[in-house]
Amino acid sequence: MKSIASAPGKVILFGEHFVVYGVKAILCAIDKRITATTQFLDEPKIRIKSELGNAEMDVDTPLDLNSISTRFMKPFFYIVKETLREFNEKKGVEVVLKSDIPAGIGLGSSSAACVAVTASVVGLFDKKSKEQVLKKSIESERIIFEDVSGADSSVSTFGGLMAYDKNGFEKIYSKNNLSLIIANSNQVHDTREIVLKVREFKNKNEKMFADMCKQEKELVREALLRLKENDLNKLGSLISENQKLLKKINVSTDKLDFLIKEASKTSYGAKITGAGGGGCVISLVDESNATTTLENLKKISDCFIAKIDFDGLRYLQSK
Ligand code: MEV
């Protein structure tokens with residue numbers, strides 16, 4: 001029997017980085033997914049296969065995270081090991097990942113993979129609630145990235161548009177199924193490294209950082225109101241204000257600044273999404289300016305229009 005689950009990527013509209021320090025973020029799941037297919041093996045091995053590489057270990061070998069050379073694979077081994085232990089199962093397991101979310105560019109591929117793998121592996125035994133899948137999936141991410149806020153996994157699990165802080169999330173019901181153009185800088189980043197750099201910045205500039213958290217909180221408060229009113233002009237200028245704060249904490253790059261400058265000519269507003277230091281820029285558009293913005297950005301980047309995914313985690317086949 002195969003157990004199959006899929007989970008979407010995400011963009012952060014407001015509040016990346018500041019969310020790690022307790023500020024609310026606004027984010028939405030997007031219509032790009034990662035699918036995990038899991039089955040038992042006859043041999044006592046745990047095998048992970050993905051477009052980014054393959055890895056395996058023996059079922060009986062204790063999980064030594066230092067011995068798994070590929071960092072992004074560690075949470076998947078953790079999920080399989082923990083699940084086999086929970087269900088007292090000795091058989092081997094293979095997990096195959098297929099993704100249409102490009103990795104390492106701020107679109108939440110790692111979190112979506114952890115959510116899909118958790119649901120798919122657990123699905124061999126049982127069907128857990130989305131809350132249970134989310135809990136285990138955040139736990140697995142924390143073994144390689146302690147500071148992770150849980151925002152990305154939450155939106156990947158539940159889908160839609162949401163406000164998130166460390167106390168949990170709240171779905172946002174907007175009149176608008178937002179259209180966003182996502183432009184890839186083709187500069188790959190490591191979220192954990194950038195989050196650590198921001199922590200260093202915060203430690204050196206405590207007062208300035210506290211002020212910036214206050215400003216971000218205010219931007220998010222206003223953005224929540226504008227989302228309800230569907231005021232794209234105002235939302236766009238709040239997005240651009242948010243970008244100024246991201247630039248101040250040094251997570252922008254020349255390439256990202258250039259993409260944002262070009263996108264801002266025709267869209268309602270543009271900013272980095274996710275950790276920055278590379279990755280993607282999002283621009284808020286509607287039918288009046290989507291084509292011109294897309295055509296212009298296409299000349300200088302790989303880009304596409306994303307819509308909100310309202311489903312979040314999908315079980316495609318399970319016990
Ligand atoms: C990464 O997509 C978002 C960050 O705020 C980190 C996190 O929330 O865990 C940079």
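Only heavy atoms go into these numbers, but all of them, side chains included; no hydrogens, no water, no symmetry mates. Order of appearance sets the numbers: ligands from 1, and atoms from 1 within every ligand. As the structure is a prediction and not an experimental result, all values here were calculated from the model.
In this structure, the protein non-hydrogen atom closest to atom 7 (C) of ligand 1 is Ser149 OG, 3.3 Å. Taking atom 4 (C) of ligand 1 as the reference point, the nearest protein heavy-atom neighbour is His17 N, 4.0 Å.
Side-chain heavy atoms closer than 4.5 Å link hydrophobic residues (I, L, V, M, F, W, Y) into clusters, and following such links, possibly through other members, connects Ile249 to Tyr21.
Checked by distance only, ligand 1 and Lys10 come closer than 3.5 Å through their nitrogen or oxygen atoms. The distance criterion of under 3.5 Å between nitrogen or oxygen atoms is met by Asp152 with respect to ligand 1. Among the atoms of Glu16, none of the N or O lies under 3.5 angstrom from an N or O of ligand 1.
Applying the 4.0 Å criterion to heavy atoms of Val19 picks out, from ligand 1, the atoms 5 (O), 8 (O). For ligand 1, the atoms closer than 4.0 angstrom to any heavy atom of Gly274 are 2 (O). Residue Ile12 approaches ligand 1 through these ligand atoms, each under 4.0 Å from one of its heavy atoms: 2 (O), 3 (C).
Considering every non-hydrogen atom in both Glu141 and Ser111, the closest pair reads OE2-OG, 2.9 Å.
By the criterion of a heavy-atom distance under 4.0 Å, both the backbone and the side chain of Val148 are placed next to ligand 1. Of all the heavy atoms of Ile194, none lies under 4.0 Å from any atom of ligand 1, so neither backbone nor side chain is involved.
Between Phe145 and the options Lys74, Glu193, Arg192, a side-chain contact (heavy atoms from CB on, under 4.5 Å) holds for only Arg192.
Side-chain contact between Leu246 and Lys244: absent, with no pair of heavy atoms (C-beta onward) separated by less than 4.5 Å.
Between Lys307 and Ser179, the side chains place a donor N or O and an acceptor N or O closer than 3.5 Å (distance only, hydrogens not considered). Judged purely by distance below 3.5 Å, without hydrogens or angles, the side chains of Thr292 and Glu295 never pair a donor atom with an acceptor atom.
Between Phe40 and Phe125, the ring planes lie perpendicular to each other; the angle is over 60°, past the 30° to 60° tilted range.
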